[in-house]
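In what follows, a structure is listed as C-alpha coordinates, so that the remarks can point back to it.
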Amino acid sequence: MADAGTPHKPLGLLAELTHRCPLGCAYCSNPLALEPRNDELDASIWGRVFTEAAALGVLHVHLSGGEPGARRDLVDITAHAREAGLYTNLITSGVGVTSRTMRDLWEAGLDHVQVSIQDSDAVSSDHIAGYRGAFQRKHALAAEAVRLGLPLTVNLVVHRANIGRIGEMVDLALKLKASRIEIAHVQYYGWALKNRAALMPTAEQVTRAVADVEELRDKHRGRIVIDAVVPDYHARFPKPCVGGWGRRSINVTPSGRVLPCHAAESIPGMEFWSIADHSLPDIWANSPAFNAFRGTGFLPAPCADCERREIDLGGCRCQAFLLTGDARATDPVCHLSPHHALVTGLAAVQDDAPYAYRRI
Amino acid sequence: MSDDDAIAGDARPRLPRGVRLTHSEAQGGWVLIAPERIFKADAVAAEILKRCTGQVTLAAIVDDLAATFQAPRERILADVSKLLIGLAEKKLLEL
Ligand code: SF4
(Lines give C-alpha, C1' and ligand atoms only; values in the text may rest on other atoms or scores of the structure.)
Protein backbone atom coordinates (compact mmCIF):
# COMPACT_ATOMS: atom_id res chain seq x y z
CA MET A 1 0.00 0.00 0.00
CA ALA A 2 1.64 3.22 -1.20
CA ASP A 3 0.83 5.43 1.75
CA ALA A 4 0.11 2.87 4.43
CA GLY A 5 2.86 4.50 6.47
CA THR A 6 1.37 8.01 6.20
CA PRO A 7 0.68 9.16 9.72
CA HIS A 8 -2.80 10.52 9.16
CA LYS A 9 -4.42 11.42 12.46
CA PRO A 10 -8.15 11.07 12.86
CA LEU A 11 -10.00 14.19 14.02
CA GLY A 12 -13.53 12.91 14.43
CA LEU A 13 -15.21 9.87 15.91
CA LEU A 14 -18.78 8.98 15.06
CA ALA A 15 -20.04 6.92 17.97
CA GLU A 16 -23.20 5.09 16.96
CA LEU A 17 -24.45 4.30 20.44
CA THR A 18 -27.47 2.32 19.28
CA HIS A 19 -29.41 1.54 16.15
CA ARG A 20 -32.67 1.82 18.06
CA CYS A 21 -34.75 4.84 17.14
CA PRO A 22 -38.38 5.78 17.73
CA LEU A 23 -38.53 7.47 14.32
CA GLY A 24 -38.64 5.62 11.05
CA CYS A 25 -37.24 8.13 8.58
CA ALA A 26 -37.31 6.84 5.05
CA TYR A 27 -34.00 8.59 4.32
CA CYS A 28 -32.08 6.91 7.13
CA SER A 29 -28.59 5.83 6.10
CA ASN A 30 -28.34 3.14 8.79
CA PRO A 31 -27.91 -0.35 7.33
CA LEU A 32 -30.98 -2.49 6.62
CA ALA A 33 -29.58 -5.10 9.03
CA LEU A 34 -29.67 -3.13 12.30
CA GLU A 35 -27.61 -4.32 15.27
CA PRO A 36 -29.74 -5.55 18.19
CA ARG A 37 -29.80 -4.02 21.65
CA ASN A 38 -28.11 -7.03 23.29
CA ASP A 39 -24.98 -6.44 21.24
CA GLU A 40 -24.58 -2.79 22.23
CA LEU A 41 -21.30 -1.78 23.90
CA ASP A 42 -21.65 -0.76 27.52
CA ALA A 43 -20.68 2.67 28.84
CA SER A 44 -17.32 1.55 30.23
CA ILE A 45 -16.20 0.16 26.87
CA TRP A 46 -17.23 3.42 25.23
CA GLY A 47 -15.07 5.11 27.84
CA ARG A 48 -12.09 3.06 26.71
CA VAL A 49 -12.84 3.85 23.06
CA PHE A 50 -12.94 7.59 23.83
CA THR A 51 -9.64 7.51 25.74
CA GLU A 52 -7.92 5.64 22.91
CA ALA A 53 -9.48 7.94 20.33
CA ALA A 54 -8.20 11.05 22.12
CA ALA A 55 -4.70 9.56 22.27
CA LEU A 56 -4.89 8.97 18.50
CA GLY A 57 -5.69 12.63 17.86
CA VAL A 58 -9.49 12.66 17.79
CA LEU A 59 -10.94 15.98 18.97
CA HIS A 60 -14.66 15.77 18.18
CA VAL A 61 -16.92 12.92 19.18
CA HIS A 62 -20.39 12.76 17.68
CA LEU A 63 -22.78 10.80 19.87
CA SER A 64 -25.23 9.43 17.37
CA GLY A 65 -27.32 6.42 16.42
CA GLY A 66 -30.09 5.54 15.78
CA GLU A 67 -31.37 7.78 18.50
CA PRO A 68 -28.75 8.13 21.27
CA GLY A 69 -31.56 9.08 23.65
CA ALA A 70 -32.66 5.45 23.50
CA ARG A 71 -29.65 4.62 25.70
CA ARG A 72 -30.43 4.93 29.38
CA ASP A 73 -26.74 5.44 30.15
CA LEU A 74 -26.33 8.32 27.68
CA VAL A 75 -25.30 10.70 30.46
CA ASP A 76 -22.54 8.33 31.67
CA ILE A 77 -21.31 7.85 28.13
CA THR A 78 -21.19 11.62 27.62
CA ALA A 79 -19.31 12.08 30.87
CA HIS A 80 -16.73 9.50 29.74
CA ALA A 81 -16.24 11.40 26.48
CA ARG A 82 -15.62 14.61 28.39
CA GLU A 83 -13.23 12.90 30.81
CA ALA A 84 -11.24 11.77 27.77
CA GLY A 85 -10.99 15.45 26.79
CA LEU A 86 -13.18 15.14 23.71
CA TYR A 87 -15.50 17.81 22.37
CA THR A 88 -18.92 16.18 22.64
CA ASN A 89 -21.66 16.71 20.10
CA LEU A 90 -25.05 15.05 20.58
CA ILE A 91 -26.86 14.21 17.34
CA THR A 92 -30.49 13.60 18.18
CA SER A 93 -33.90 13.45 16.57
CA GLY A 94 -35.22 15.21 19.68
CA VAL A 95 -37.46 12.26 20.51
CA GLY A 96 -36.21 10.24 23.46
CA VAL A 97 -34.09 12.96 25.09
CA THR A 98 -36.24 14.57 27.79
CA SER A 99 -35.63 18.04 29.24
CA ARG A 100 -34.39 16.32 32.37
CA THR A 101 -31.84 14.28 30.41
CA MET A 102 -30.78 17.42 28.59
CA ARG A 103 -29.99 19.10 31.90
CA ASP A 104 -28.01 16.08 33.07
CA LEU A 105 -26.09 16.06 29.80
CA TRP A 106 -25.33 19.71 30.23
CA GLU A 107 -23.98 19.01 33.68
CA ALA A 108 -21.90 16.13 32.32
CA GLY A 109 -20.23 18.68 30.05
CA LEU A 110 -21.97 18.24 26.72
CA ASP A 111 -20.57 20.85 24.32
CA HIS A 112 -23.05 21.02 21.47
CA VAL A 113 -26.42 19.72 20.31
CA GLN A 114 -27.52 18.91 16.82
CA VAL A 115 -31.21 18.27 16.29
CA SER A 116 -32.65 17.04 13.03
CA ILE A 117 -35.82 18.47 11.57
CA GLN A 118 -37.71 16.77 8.78
CA ASP A 119 -39.79 19.68 7.54
CA SER A 120 -41.08 23.14 8.51
CA ASP A 121 -44.62 21.84 8.36
CA ALA A 122 -45.68 19.74 11.37
CA VAL A 123 -47.83 17.29 9.41
CA SER A 124 -45.29 16.69 6.68
CA SER A 125 -42.52 16.48 9.27
CA ASP A 126 -44.28 13.74 11.23
CA HIS A 127 -45.13 11.95 7.99
CA ILE A 128 -41.48 11.87 6.87
CA ALA A 129 -40.37 10.66 10.31
CA GLY A 130 -43.21 8.14 10.54
CA TYR A 131 -43.93 9.35 14.10
CA ARG A 132 -46.81 11.55 15.18
CA GLY A 133 -45.84 14.30 17.61
CA ALA A 134 -42.12 14.22 16.80
CA PHE A 135 -42.24 17.82 15.53
CA GLN A 136 -43.42 19.16 18.90
CA ARG A 137 -40.84 17.19 20.84
CA LYS A 138 -38.04 18.56 18.70
CA HIS A 139 -39.20 22.07 19.57
CA ALA A 140 -39.17 21.27 23.27
CA LEU A 141 -35.70 19.79 23.14
CA ALA A 142 -34.25 22.67 21.13
CA ALA A 143 -35.76 25.17 23.56
CA GLU A 144 -34.24 23.37 26.54
CA ALA A 145 -30.79 23.20 24.91
CA VAL A 146 -30.89 26.94 24.17
CA ARG A 147 -32.13 27.74 27.67
CA LEU A 148 -29.10 25.90 29.07
CA GLY A 149 -26.83 27.96 26.85
CA LEU A 150 -25.81 25.06 24.63
CA PRO A 151 -25.03 25.97 21.02
CA LEU A 152 -27.56 24.40 18.71
CA THR A 153 -27.26 23.21 15.13
CA VAL A 154 -30.37 22.28 13.20
CA ASN A 155 -29.78 19.49 10.79
CA LEU A 156 -31.91 19.30 7.71
CA VAL A 157 -32.02 16.41 5.27
CA VAL A 158 -33.41 17.51 1.95
CA HIS A 159 -35.36 15.36 -0.50
CA ARG A 160 -38.29 15.62 -2.85
CA ALA A 161 -40.99 16.08 -0.18
CA ASN A 162 -39.38 19.12 1.48
CA ILE A 163 -36.96 20.56 -1.07
CA GLY A 164 -39.28 23.45 -1.90
CA ARG A 165 -39.37 24.67 1.70
CA ILE A 166 -35.71 25.27 2.55
CA GLY A 167 -36.43 28.95 3.26
CA GLU A 168 -39.19 28.04 5.72
CA MET A 169 -36.93 25.49 7.38
CA VAL A 170 -34.21 28.11 7.84
CA ASP A 171 -36.87 30.36 9.40
CA LEU A 172 -37.78 27.52 11.73
CA ALA A 173 -34.12 27.09 12.70
CA LEU A 174 -33.95 30.82 13.49
CA LYS A 175 -37.08 30.52 15.57
CA LEU A 176 -35.48 27.67 17.49
CA LYS A 177 -32.48 29.99 18.08
CA ALA A 178 -30.02 27.71 16.33
CA SER A 179 -26.64 29.24 15.63
CA ARG A 180 -26.05 27.00 12.67
CA ILE A 181 -28.04 25.03 10.14
CA GLU A 182 -26.63 22.15 8.22
CA ILE A 183 -28.39 21.37 4.97
CA ALA A 184 -27.58 18.02 3.43
CA HIS A 185 -29.24 16.14 0.65
CA VAL A 186 -30.08 12.49 1.21
CA GLN A 187 -27.21 10.09 0.80
CA TYR A 188 -28.46 6.96 -0.82
CA TYR A 189 -27.31 4.15 1.45
CA GLY A 190 -29.20 1.75 3.67
CA TRP A 191 -32.87 2.62 4.05
CA ALA A 192 -32.50 5.68 1.84
CA LEU A 193 -31.37 3.51 -1.04
CA LYS A 194 -34.46 1.38 -0.65
CA ASN A 195 -36.54 4.56 -0.95
CA ARG A 196 -34.42 6.24 -3.58
CA ALA A 197 -37.08 6.77 -6.24
CA ALA A 198 -39.53 8.18 -3.66
CA LEU A 199 -36.92 10.59 -2.25
CA MET A 200 -35.02 11.73 -5.34
CA PRO A 201 -35.71 15.33 -6.32
CA THR A 202 -35.69 16.41 -9.95
CA ALA A 203 -32.69 18.22 -11.42
CA GLU A 204 -34.73 21.46 -11.62
CA GLN A 205 -35.63 21.19 -7.94
CA VAL A 206 -32.00 20.70 -7.01
CA THR A 207 -30.83 23.65 -9.10
CA ARG A 208 -33.46 25.85 -7.50
CA ALA A 209 -32.54 24.59 -4.03
CA VAL A 210 -28.85 25.39 -4.53
CA ALA A 211 -29.81 28.92 -5.63
CA ASP A 212 -32.22 29.24 -2.67
CA VAL A 213 -29.43 28.39 -0.25
CA GLU A 214 -27.16 31.07 -1.72
CA GLU A 215 -29.90 33.69 -1.33
CA LEU A 216 -30.65 32.56 2.21
CA ARG A 217 -26.98 32.84 3.15
CA ASP A 218 -26.94 36.49 2.08
CA LYS A 219 -30.28 37.21 3.69
CA HIS A 220 -29.33 35.78 7.09
CA ARG A 221 -25.62 36.63 7.17
CA GLY A 222 -24.48 37.29 10.74
CA ARG A 223 -27.63 35.70 12.21
CA ILE A 224 -27.14 32.05 11.42
CA VAL A 225 -24.38 30.05 9.76
CA ILE A 226 -25.67 28.03 6.83
CA ASP A 227 -23.54 25.04 5.89
CA ALA A 228 -24.77 23.23 2.82
CA VAL A 229 -23.48 20.14 1.09
CA VAL A 230 -24.19 19.99 -2.63
CA PRO A 231 -26.15 16.88 -3.58
CA ASP A 232 -24.06 14.12 -5.02
CA TYR A 233 -26.21 12.77 -7.79
CA HIS A 234 -26.47 16.16 -9.45
CA ALA A 235 -22.82 17.23 -9.13
CA ARG A 236 -20.00 17.17 -11.71
CA PHE A 237 -17.27 16.09 -9.32
CA PRO A 238 -17.50 13.80 -6.31
CA LYS A 239 -16.62 14.74 -2.75
CA PRO A 240 -13.67 13.30 -0.85
CA CYS A 241 -15.90 11.07 1.19
CA VAL A 242 -15.50 11.49 4.99
CA GLY A 243 -12.42 13.60 4.24
CA GLY A 244 -10.69 10.58 2.73
CA TRP A 245 -10.80 6.90 3.62
CA GLY A 246 -8.85 6.24 6.82
CA ARG A 247 -7.64 9.85 7.00
CA ARG A 248 -9.88 11.96 9.19
CA SER A 249 -12.63 9.94 10.78
CA ILE A 250 -13.58 6.77 12.54
CA ASN A 251 -17.00 5.24 12.91
CA VAL A 252 -17.82 2.78 15.67
CA THR A 253 -21.07 0.80 15.35
CA PRO A 254 -23.30 -0.01 18.35
CA SER A 255 -21.65 -3.43 18.75
CA GLY A 256 -18.10 -2.10 18.40
CA ARG A 257 -17.23 -2.74 14.77
CA VAL A 258 -14.86 -0.03 13.62
CA LEU A 259 -15.46 1.39 10.15
CA PRO A 260 -13.75 4.05 8.04
CA CYS A 261 -17.18 5.50 7.22
CA HIS A 262 -20.72 4.77 8.34
CA ALA A 263 -21.69 3.07 5.08
CA ALA A 264 -18.51 0.98 4.71
CA GLU A 265 -20.32 -2.23 5.57
CA SER A 266 -22.19 -1.93 2.28
CA ILE A 267 -18.98 -3.02 0.54
CA PRO A 268 -18.81 -6.82 0.60
CA GLY A 269 -15.65 -8.77 1.38
CA MET A 270 -14.17 -6.15 3.72
CA GLU A 271 -12.57 -7.25 6.98
CA PHE A 272 -13.64 -4.97 9.83
CA TRP A 273 -12.10 -5.33 13.26
CA SER A 274 -13.94 -4.90 16.52
CA ILE A 275 -12.86 -2.97 19.57
CA ALA A 276 -13.68 -6.15 21.50
CA ASP A 277 -10.54 -7.71 19.99
CA HIS A 278 -8.24 -4.78 19.22
CA SER A 279 -7.31 -1.36 20.52
CA LEU A 280 -8.40 1.62 18.46
CA PRO A 281 -4.81 2.63 17.53
CA ASP A 282 -4.19 -0.92 16.33
CA ILE A 283 -7.35 -0.84 14.21
CA TRP A 284 -6.53 2.59 12.79
CA ALA A 285 -3.06 1.51 11.74
CA ASN A 286 -3.50 -2.13 10.84
CA SER A 287 -7.06 -3.19 10.16
CA PRO A 288 -7.51 -4.40 6.58
CA ALA A 289 -10.63 -2.25 6.16
CA PHE A 290 -8.81 0.99 7.04
CA ASN A 291 -5.90 0.16 4.75
CA ALA A 292 -8.07 -1.00 1.85
CA PHE A 293 -8.48 2.43 0.23
CA ARG A 294 -5.97 4.67 1.97
CA GLY A 295 -4.31 7.16 -0.33
CA THR A 296 -4.90 7.28 -4.07
CA GLY A 297 -2.56 4.54 -5.28
CA PHE A 298 -5.39 2.07 -5.86
CA LEU A 299 -7.38 4.35 -8.17
CA PRO A 300 -7.76 3.28 -11.80
CA ALA A 301 -8.27 5.55 -14.83
CA PRO A 302 -9.63 8.17 -15.24
CA CYS A 303 -8.52 9.12 -11.69
CA ALA A 304 -5.04 7.61 -12.09
CA ASP A 305 -3.79 10.55 -14.11
CA CYS A 306 -6.28 13.24 -13.16
CA GLU A 307 -5.12 16.44 -11.50
CA ARG A 308 -8.04 16.43 -9.04
CA ARG A 309 -6.97 13.09 -7.62
CA GLU A 310 -5.50 14.55 -4.43
CA ILE A 311 -8.49 16.90 -4.03
CA ASP A 312 -11.38 14.45 -4.19
CA LEU A 313 -9.51 11.13 -3.80
CA GLY A 314 -11.71 9.66 -6.49
CA GLY A 315 -14.88 10.17 -4.44
CA CYS A 316 -16.83 7.71 -2.38
CA ARG A 317 -15.89 4.01 -2.26
CA CYS A 318 -19.33 2.88 -1.14
CA GLN A 319 -21.00 4.71 -3.99
CA ALA A 320 -18.46 3.39 -6.49
CA PHE A 321 -19.27 -0.14 -5.38
CA LEU A 322 -22.98 0.41 -5.25
CA LEU A 323 -23.25 1.71 -8.78
CA THR A 324 -20.42 -0.06 -10.62
CA GLY A 325 -19.90 -3.21 -8.57
CA ASP A 326 -16.24 -2.25 -8.06
CA ALA A 327 -15.27 -0.38 -4.88
CA ARG A 328 -11.96 0.75 -6.46
CA ALA A 329 -13.60 2.43 -9.42
CA THR A 330 -13.88 6.19 -9.96
CA ASP A 331 -17.00 7.39 -8.15
CA PRO A 332 -19.58 7.52 -10.97
CA VAL A 333 -20.78 10.89 -9.68
CA CYS A 334 -17.71 12.24 -11.50
CA HIS A 335 -18.65 13.29 -15.02
CA LEU A 336 -15.35 11.76 -16.21
CA SER A 337 -16.35 8.30 -15.00
CA PRO A 338 -17.27 5.85 -17.78
CA HIS A 339 -20.28 4.96 -15.60
CA HIS A 340 -21.50 8.52 -15.12
CA ALA A 341 -24.59 7.81 -17.22
CA LEU A 342 -25.79 5.53 -14.41
CA VAL A 343 -25.94 8.50 -12.07
CA THR A 344 -27.66 10.82 -14.49
CA GLY A 345 -30.06 7.97 -15.20
CA LEU A 346 -30.90 7.38 -11.52
CA ALA A 347 -31.19 11.08 -10.81
CA ALA A 348 -33.92 11.18 -13.41
CA VAL A 349 -36.02 8.42 -11.81
CA GLN A 350 -38.74 9.76 -9.55
CA ASP A 351 -41.57 7.64 -8.33
CA ASP A 352 -44.18 8.71 -5.78
CA ALA A 353 -44.32 5.30 -4.14
CA PRO A 354 -45.11 5.28 -0.40
CA TYR A 355 -42.06 5.33 1.86
CA ALA A 356 -40.66 2.10 3.26
CA TYR A 357 -40.27 3.31 6.84
CA ARG A 358 -37.20 2.14 8.64
CA ARG A 359 -38.31 -0.34 11.29
CA ILE A 360 -36.37 -2.30 13.86
CA MET B 1 -16.15 45.38 14.41
CA SER B 2 -13.39 46.84 12.22
CA ASP B 3 -9.68 46.29 12.73
CA ASP B 4 -8.95 49.60 14.39
CA ASP B 5 -11.74 49.29 16.91
CA ALA B 6 -10.02 48.78 20.23
CA ILE B 7 -11.40 46.42 22.86
CA ALA B 8 -12.24 48.12 26.15
CA GLY B 9 -9.64 47.48 28.84
CA ASP B 10 -12.30 46.34 31.28
CA ALA B 11 -13.81 43.79 28.88
CA ARG B 12 -13.64 40.26 30.25
CA PRO B 13 -13.09 38.05 27.21
CA ARG B 14 -14.27 34.48 27.40
CA LEU B 15 -14.85 31.45 25.24
CA PRO B 16 -18.56 30.88 24.77
CA ARG B 17 -20.11 27.55 25.67
CA GLY B 18 -19.46 25.27 22.74
CA VAL B 19 -15.96 26.59 22.11
CA ARG B 20 -13.14 24.94 23.98
CA LEU B 21 -9.36 25.19 24.18
CA THR B 22 -7.82 21.79 24.53
CA HIS B 23 -4.37 20.25 24.43
CA SER B 24 -3.88 17.29 22.13
CA GLU B 25 -0.54 15.54 22.28
CA ALA B 26 -1.34 13.67 19.07
CA GLN B 27 -2.29 16.82 17.16
CA GLY B 28 0.90 18.47 18.36
CA GLY B 29 -0.34 21.14 20.73
CA TRP B 30 -3.22 23.40 21.60
CA VAL B 31 -6.41 23.49 19.55
CA LEU B 32 -9.49 25.63 19.74
CA ILE B 33 -12.54 23.49 19.05
CA ALA B 34 -15.96 24.65 17.92
CA PRO B 35 -18.81 22.67 16.34
CA GLU B 36 -17.42 21.14 13.15
CA ARG B 37 -14.41 23.46 13.27
CA ILE B 38 -10.90 23.16 14.63
CA PHE B 39 -8.20 25.82 14.84
CA LYS B 40 -4.61 25.11 15.80
CA ALA B 41 -3.46 27.60 18.40
CA ASP B 42 0.26 28.40 18.44
CA ALA B 43 2.03 28.80 21.77
CA VAL B 44 1.33 32.53 22.00
CA ALA B 45 -2.35 32.21 21.08
CA ALA B 46 -2.74 29.40 23.60
CA GLU B 47 -1.25 31.54 26.39
CA ILE B 48 -3.71 34.31 25.54
CA LEU B 49 -6.74 32.04 25.25
CA LYS B 50 -6.01 30.22 28.50
CA ARG B 51 -6.52 33.55 30.22
CA CYS B 52 -9.88 34.26 28.53
CA THR B 53 -11.99 32.85 31.34
CA GLY B 54 -14.53 35.64 31.65
CA GLN B 55 -13.10 36.43 35.09
CA VAL B 56 -10.13 38.55 34.10
CA THR B 57 -10.16 41.94 32.36
CA LEU B 58 -8.30 42.54 29.13
CA ALA B 59 -6.00 45.01 30.92
CA ALA B 60 -5.08 42.41 33.54
CA ILE B 61 -4.50 39.75 30.86
CA VAL B 62 -2.11 42.06 29.04
CA ASP B 63 -0.27 42.98 32.25
CA ASP B 64 0.09 39.32 33.12
CA LEU B 65 1.42 38.39 29.67
CA ALA B 66 3.81 41.36 29.63
CA ALA B 67 5.22 40.26 32.98
CA THR B 68 5.35 36.56 32.07
CA PHE B 69 7.08 37.10 28.74
CA GLN B 70 9.01 40.25 29.68
CA ALA B 71 7.75 41.98 26.56
CA PRO B 72 6.61 45.59 25.99
CA ARG B 73 3.01 46.07 27.02
CA GLU B 74 1.97 47.90 23.82
CA ARG B 75 3.16 45.06 21.64
CA ILE B 76 1.34 42.49 23.73
CA LEU B 77 -1.81 44.60 23.67
CA ALA B 78 -1.64 44.82 19.88
CA ASP B 79 -1.16 41.05 19.49
CA VAL B 80 -3.88 40.19 21.96
CA SER B 81 -6.39 42.63 20.41
CA LYS B 82 -5.76 41.32 16.92
CA LEU B 83 -6.30 37.72 17.98
CA LEU B 84 -9.38 38.39 20.09
CA ILE B 85 -11.11 40.62 17.53
CA GLY B 86 -10.53 38.03 14.82
CA LEU B 87 -11.99 35.28 17.00
CA ALA B 88 -14.94 37.42 18.09
CA GLU B 89 -15.83 38.00 14.44
CA LYS B 90 -15.96 34.24 13.95
CA LYS B 91 -18.13 33.98 17.10
CA LEU B 92 -15.43 31.96 18.82
CA LEU B 93 -15.00 34.49 21.60
CA GLU B 94 -17.20 36.81 23.60
CA LEU B 95 -15.90 40.27 24.50
S1 SF4 C 1 -11.51 11.45 -12.55
FE2 SF4 C 1 -11.23 10.84 -10.42
S3 SF4 C 1 -9.78 12.29 -9.59
FE4 SF4 C 1 -10.55 13.16 -11.51
S5 SF4 C 1 -12.23 14.48 -10.91
FE6 SF4 C 1 -13.11 12.47 -11.39
S7 SF4 C 1 -13.17 11.38 -9.43
FE8 SF4 C 1 -11.80 13.14 -9.16
Side-chain angles (χ1 to χ4, degrees), chain A residues 7-12 14 51-62 81-82 84-91 105-107 109-115 145-155 178-182 184 221-227 229 243 248-249 280-281 284, chain B residues 1-8 11-57 81-95:
Chain A
H8 288 298
K9 308 225 170 176
L11 290 167
L14 182 68
T51 307
E52 292 177 350
L56 260 182
V58 168
L59 300 171
H60 280 120
V61 62
H62 306 282
R82 274 307 303 266
L86 298 174
Y87 185 101
T88 51
N89 175 28
L90 178 70
I91 303 181
L105 289 169
W106 180 78
E107 264 167 37
L110 183 68
D111 290 292
H112 181 257
V113 179
Q114 194 167 322
V115 67
V146 168
R147 196 186 66 78
L148 292 165
L150 280 165
L152 176 72
T153 290
V154 162
N155 188 43
S179 49
R180 185 168 156 268
I181 182 164
E182 197 176 275
R221 197 173 299 284
R223 285 207 287 162
I224 191 165
V225 176
I226 303 181
D227 284 335
V229 184
R248 304 264 302 270
S249 51
L280 205 59
W284 177 256
Chain B
M1 196 181 272
S2 77
D3 275 355
D4 37 73
D5 270 336
I7 311 170
R12 293 172 195 268
R14 63 176 197 127
L15 300 178
R17 180 105 194 198
V19 179
R20 208 137 58 71
L21 183 71
T22 240
H23 190 268
S24 167
E25 202 67 55
Q27 298 294 351
W30 289 92
V31 276
L32 190 64
I33 317 182
E36 306 294 329
R37 289 184 294 172
I38 293 161
F39 304 85
K40 293 219 167 187
D42 61 23
V44 178
E47 286 306 321
I48 299 172
L49 292 173
K50 273 188 237 172
R51 289 164 170 79
C52 294
T53 58
Q55 310 290 319
V56 189
T57 63
S81 303
K82 186 160 169 249
L83 177 78
L84 298 192
I85 289 172
L87 290 174
E89 276 171 359
K90 296 196 190 86
K91 299 213 186 302
L92 297 169
L93 186 100
E94 288 170 1
L95 289 172

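Here is the naming used below: chain letters follow the sequence lines, and residue numbers restart at 1 for every chain.
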Heavy-atom distances under 4.5 Å only: say whether A/Pro10 touches chain B with side chain, backbone, both or neither. backbone
Has the side chain of B/Lys91 got a donor or acceptor atom that lies under 3.5 Å from a matching backbone atom of B/Pro16? no
Where the side chain of B/Trp30 meets the backbone of B/Ala46, is there a donor-acceptor pair that is under 3.5 Å apart? no
Donor-acceptor contact below 3.5 Å, side chain B/Arg17 vs main chain A/Gly149: no
Using the side-chain contact (heavy atoms from CB on, under 4.5 Å) rule, take A/Val154 and A/Val115 through it: C-alpha gap first, then chi angles, then the decisive distance, then the call. CA-CA 5 Å; A/Val154 162; A/Val115 67; 4.2 Å; yes
Contact leader toward chain B among A/Glu182, A/Arg82, A/His62, where contacts are heavy-atom pairs under 4.5 Å: A/Arg82
Under a 4.5 Å heavy-atom cutoff, which of A/Leu56, A/Thr88, A/Asp111 has the most pairs with chain B? A/Asp111
Just give me the residue among A/Ala54, A/Pro151, A/Gly12 that pairs up with chain B most often, heavy atom to heavy atom, under 4.5 Å. A/Pro151
Please work out whether the ring planes of A/Tyr87 and A/His112 are parallel, tilted or perpendicular, with thresholds of 30° and 60°. tilted
Could you tell me which portion of A/Leu86 (side chain, backbone, both or neither) has an atom closer than 4.5 angstrom to a non-hydrogen atom of chain B? backbone
